[in-house]
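Below is the structure I would like to discuss, written out as structure tokens.
Counting from 1, the numbers follow the sequence of the chain as shown. Just so you know, these numbers use all the heavy atoms, side chains as well, and skip hydrogens, waters and symmetry mates.
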Amino acid sequence: MDNPKNLSQPGLSVFLMVVAVATTTMIVLQPYAAGYGAFRLTLLEELLLRWKDPTWQHGALAPLIAGWLVWKRRDELAALPVRGSPAGLAAVLVAALAYYGGYKANNYYLGAFAIMLFLAGAVVGCLGWAHARRLCFPWLMLGFMWPLVFLEDSVSFRLRVLMVETTAWVLNTLGLETLREGTALISAATEGRAAGELFSLKVDGPCSGMRSLFALLMVAALFGYFRQRTLPRRLFLFLCGFPLAILANMARLLILIAGSMLFGQEFAVGDQEKEVSTFHFLSGIVVYLVALAGLQGIARLMGAGPTRPIRPIHPILPIKPPTLPLAVCALSVLAALAACRFSPEIRAGEAAGVIMQLPTAAGRFLGEPLPPDQAEKTLLPEDTQIVKMQYRSPGPPEMRDLAQVTLVLAGAERRSIHRPEVCLDGQGWSLIGSRVLPVEVRPGRVLPVRDLRVEREIRTPDGGKKTLRGHYVYWFIGTDVSTPSNTTRVWLSTWDNIARNVNHRWAYAGITLWVTDNLEPSQSSQRQRDDAATVRLAEEVIRAIAPHFQKDLADAP
């Protein structure tokens with residue numbers, strides 16, 4: 001059997017330098033994904049843009065922490081035997097293909113996956129599994145640098161609803177009667193006080209816990225790594241970060257409610273239409289204090305755990321860095337970069353699955369054209385086609401139904417089409433629920449659509465406030481396919497981009513309807529409808545109008 005060999009510290013430095021240069025080139029120099037922009041950004045430019053968001057700003061510290069952890073173990077790494085594995089080099093080749101695929105698909109997440117896989121593959125392929133085990137935690141910490149923006153819609157509103165439900169239960173258990181209206185907490189009416197007079201707190205995205213969740217998870221991972229000695233105990237302490245983030249944010253909501261009761265709504269919360277108060281801002285510190293105190297308490301209860309025996313590392317013959325595996329890593333990166341640089345630009349799709357014309361009459365509805373919003377004109381490229389129509393049924397307001405229909409067809413750029421959830425926040429809506437709604441357009445033909453439940457506060461003519469609830473129903477339409485899932489749309493587009501060098505030309509249809517059971521017909525210009533009746537109206541509108549513009553529905557028997 002061959003004598004084991006290890007890297008000298010200079011040899012380890014050469015390996016790290018080669019990998020660092022290759023990774024930096026992929027992140028810093030190569031224009032990569034356009035997202036919803038007009039031109040491609042490098043992965044670094046995308047990171048710097050995302051790190052400005054408080055939800056993801058902790059990611060800027062992840063590379064520094066990972067680098068420090070590697071430097072801290074440099075002597076131990078240099079003493080480990082070098083036994084490179086072909087599996088690592090295979091992972092490097094897969095990473096190069098994924099990097100190129102992400103470039104063709106304009107997909108930032110594929111680029112992030114490729115970078116992480118390349119780093120893992122380079123360590124396993126050049127140095128071996130022993131080094132990979134020692135570097136696993138720094139590698140995982142590095143993963144916190146990548147903002148997972150796609151989680152914001154799905155995780156944020158679920159956290160928000162959980163926060164509101166849990167806090168309402170705690171307050172009612174303590175004897176403080178509290179009403180929950182969507183994502184708002186309102187004091188119940190009592191003798192001498194109207195509902196909401198004692199406190200009225202709307203839980204928006206920043207108070208859902210999303211901003212602190214990933215930062216606290218990174219802290220919990222570091223806490224477990226340095227306070228525990230075995231993997232199961234470290235993993236348990238890390239997983240404690242999830243409930244602690246929820247408890248910490250609930251503590252913040254309770255503090256804001258207490259401040260509203262003691263010092264008034266404006267002092268505790270501020271003018272939510274303009275800016276939050278200093279008290280509101282400082283209450284955010286409570287989230288981290290409660291979570292850190294919880295981590296410290298759990299770690300103390302657990303103790304450090306049994307000490308694992310340290311295997312001595314015997315001095316062995318140092319060698320230079322493995323030349324062939326390093327060359328494979330470097331050439332794979334160069335090949336991926338060359339493929340990106342010289343690949344032809346993706347052609348815009350020509351065929352569309354829709355006719356860009358909404359009917360002026362369909363079923364019992366008459367339509368009136370509407371101009372696109374200024375926000376839509378600003379956000380979308382000039383070659384994006386938009387048609388909008390306001391539909392109404394005949395009769396006086398107390399018998400009338402209203403629905404606004406929007407049809408958007410992508411132009412040449414990827415950012416022509418996006419999830420409608422992207423725009424909701426800017427329009428003042430809060431997302432409180434999402435589901436797939438199957439609509440039977442005609443017997444035997446079901447069209448799945450996405451039904452978003454939304455709400456926002458509106459001013460009443462008397463100067464008061466009301467919660468306006470609504471449904472935004474949408475679905476994406478391709479040349480020969482439709483889907484209510486943005487993920488499905490993205491992956492179908494990714495396949496077209498890579499395999500056919502074509503940017504699939506998508507459209508989407510959106511229908512906006514209000515839930516009007518808390519509004520007078522004179523306020524909403526339509527009849528009073530509860531949530532269930534509004535969903536039935538959405539289905540009726542789709543059955544009446546969709547076959548007029550969606551080609552595969554018009555052609556179906």
Side-chain angles (χ1 to χ4, degrees), residues 12-30 32-33 41-53 55-74 76-78 80 87-88 91-92 94-96 98-99 102 107-151 213-226 231 234-235 237-239 241 326 329-330 332-333 336:
L12 179 63
S13 299
V14 171
F15 167 78
L16 292 175
M17 182 182 68
V18 171
V19 172
V21 169
T23 306
T24 302
T25 303
M26 289 191 287
I27 294 177
V28 177
L29 298 182
Q30 174 61 45
Y32 195 72
L41 301 176
T42 65
L43 289 174
L44 177 63
E45 289 171 328
E46 181 76 25
L47 287 173
L48 293 175
L49 185 66
R50 297 297 184 185
W51 287 344
K52 293 178 182 179
D53 187 336
T55 304
W56 306 107
Q57 61 189 5
H58 64 276
L61 297 175
L64 302 177
I65 294 171
W68 174 73
L69 290 169
V70 173
W71 178 83
K72 192 171 181 290
R73 308 192 75 168
R74 64 193 184 283
E76 182 183 354
L77 292 168
L80 290 172
V92 167
V94 172
Y99 185 83
N107 193 305
Y108 146 85
Y109 298 107
L110 270 177
F113 167 77
I115 297 297
M116 297 300 293
L117 183 61
F118 169 76
L119 291 173
V123 171
V124 174
C126 296
L127 305 181
W129 292 103
H131 287 79
R133 282 191 291 272
R134 300 305 195 283
L135 291 171
C136 182
F137 184 71
W139 180 79
L140 291 172
M141 288 303 300
L142 188 64
F144 281 102
M145 73 183 281
W146 304 103
L148 305 178
V149 182
F150 67 92
L151 292 177
L213 176 61
F214 289 95
L216 288 174
L217 288 178
M218 187 169 77
V219 172
L222 284 168
F223 210 85
Y225 182 75
F226 286 108
L231 178 60
R234 288 171 174 173
L235 182 60
L237 199 56
F238 169 74
L239 293 176
L326 271 181
C329 294
S332 298
V333 171

Carefully, step by step, assess L47 and Y108 under the rule side chain to side chain contact (heavy atoms under 4.5 Å, CB included).
-> CA-CA 10 Å; L47 287 173; Y108 146 85; 4.0 Å; yes
>> Checking the side chain of W146 only, and the main-chain atoms of Y109 only, is there a donor and an acceptor separated by less than 3.5 Å?
In response: no
For the residue pair F226 and W68, categorise the inter-ring angle as parallel (less than 30°), tilted (30 to 60°) or perpendicular (more than 60°).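 Geometry flag for W68 against F226: tilted rings.
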* Asked: With distance as the sole test, does R234 use its side chain to make a donor-acceptor pair with the main-chain N or O of L231 at under 3.5 Å?
  ->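 No; judged by distance alone, with no hydrogens or angles, the pair does not exist.
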### Task
Assess whether ring pair (Phe, Tyr, Trp, His ring centres under 6.0 Å) is satisfied between Y32 and Y99, documenting all intermediate values.
CA-CA 9 Å; Y32 195 72; Y99 185 83; 4.7 Å; yes
| request: For T23 and F118, work out which heavy atoms get closest and say how close. | output: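 It is OG1-CE2, 3.6 Å.
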ask   = Would you call L29 and L44 a side-chain contact if the rule is heavy atoms closer than 4.5 Å?
value = no
For I65 and M218: C-alpha separation, side-chain torsions, deciding distance, then whether side chain to side chain contact (heavy atoms under 4.5 Å, CB included) applies. CA-CA 10 Å; I65 294 171; M218 187 169 77; 4.3 Å; yes
message: Could you check whether any side-chain heavy atom of V123 comes within less than 4.5 Å of a side-chain heavy atom of W129, counting everything from C-beta outward?
response: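 The answer is no; the side chains never approach within 4.5 Å.
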Side-chain heavy-atom pair L43, M26 within 4.5 angstrom cut-off:
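The answer is no, as the side chains (C-beta and beyond) never meet within the 4.5 Å cut-off.
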- Centroid-centroid under 6.0 Å between F223 and F238 rings: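 Centroid separation for F223 and F238: 6.0 Å or greater.
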Worked check of side chain to side chain contact (heavy atoms under 4.5 Å, CB included) between T25 and Q30
CA-CA 7 Å; T25 303; Q30 174 61 45; over 6 Å; no
Heavy-atom closest pair (I27 atom, T42 atom, distance to 0.1 Å) is O-CB, 3.6 Å
Test your reading of the model: is there a side-chain donor-acceptor pair from Y225 to the backbone of F137, 3.5 Å cut-off?
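Pair absent, no side-chain N/O of Y225 close to backbone of F137.
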**Request:** Can you measure from CZ (F214) to NE2 (H58) and round to the nearest 0.5 angstrom?
**Result:**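 Output value for this atom pair is 7.5 Å.
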**Study point:** Spacing of M17 atom CE and T24 atom OG1 [to the nearest 0.5 Å]
**Key:**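 Rounded to the nearest 0.5 Å, the CE-OG1 separation comes out at 11.5 Å.
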Minimal heavy-atom distance between W56 and R50, with the atoms involved, is CB-O, 3.8 Å
Legend entry - Shortest non-hydrogen contact between L80 and H131, atoms and distance: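 Looking at all heavy atoms of both residues, the closest pair is CB-CE1, 3.5 Å.
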### Query
Under the side chain to side chain contact (heavy atoms under 4.5 Å, CB included) criterion, do K52 and Q57 qualify, and how do the steps go?
CA-CA 6 Å; K52 293 178 182 179; Q57 61 189 5; over 6 Å; no
Here the gap from R134 atom CZ to L69 atom CG, rounded to the nearest 0.5 Å, amounts to 14.5 Å
For A336 and A96, which heavy atoms make the closest approach, and how far apart are they?
->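 Minimum heavy-atom separation between A336 and A96: CB-O, 3.7 Å.
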Margin query: Minimum heavy-atom separation for A62 and L142, please, with both atom names.
Written below: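 For A62 versus L142, the nearest heavy atoms are CB-O, 4.3 Å.
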Has W51 got a side-chain atom pairing as donor or acceptor with L61's backbone, closer than 3.5 angstrom?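 Side chain of W51 to backbone of L61: no pair is present.
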Exercise. Could you grab the distance from atom CG of L140 to atom CG of L135, nearest 0.5 Å is fine?
Key: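 So the CG of L140 and the CG of L135 are separated by 11.0 Å.
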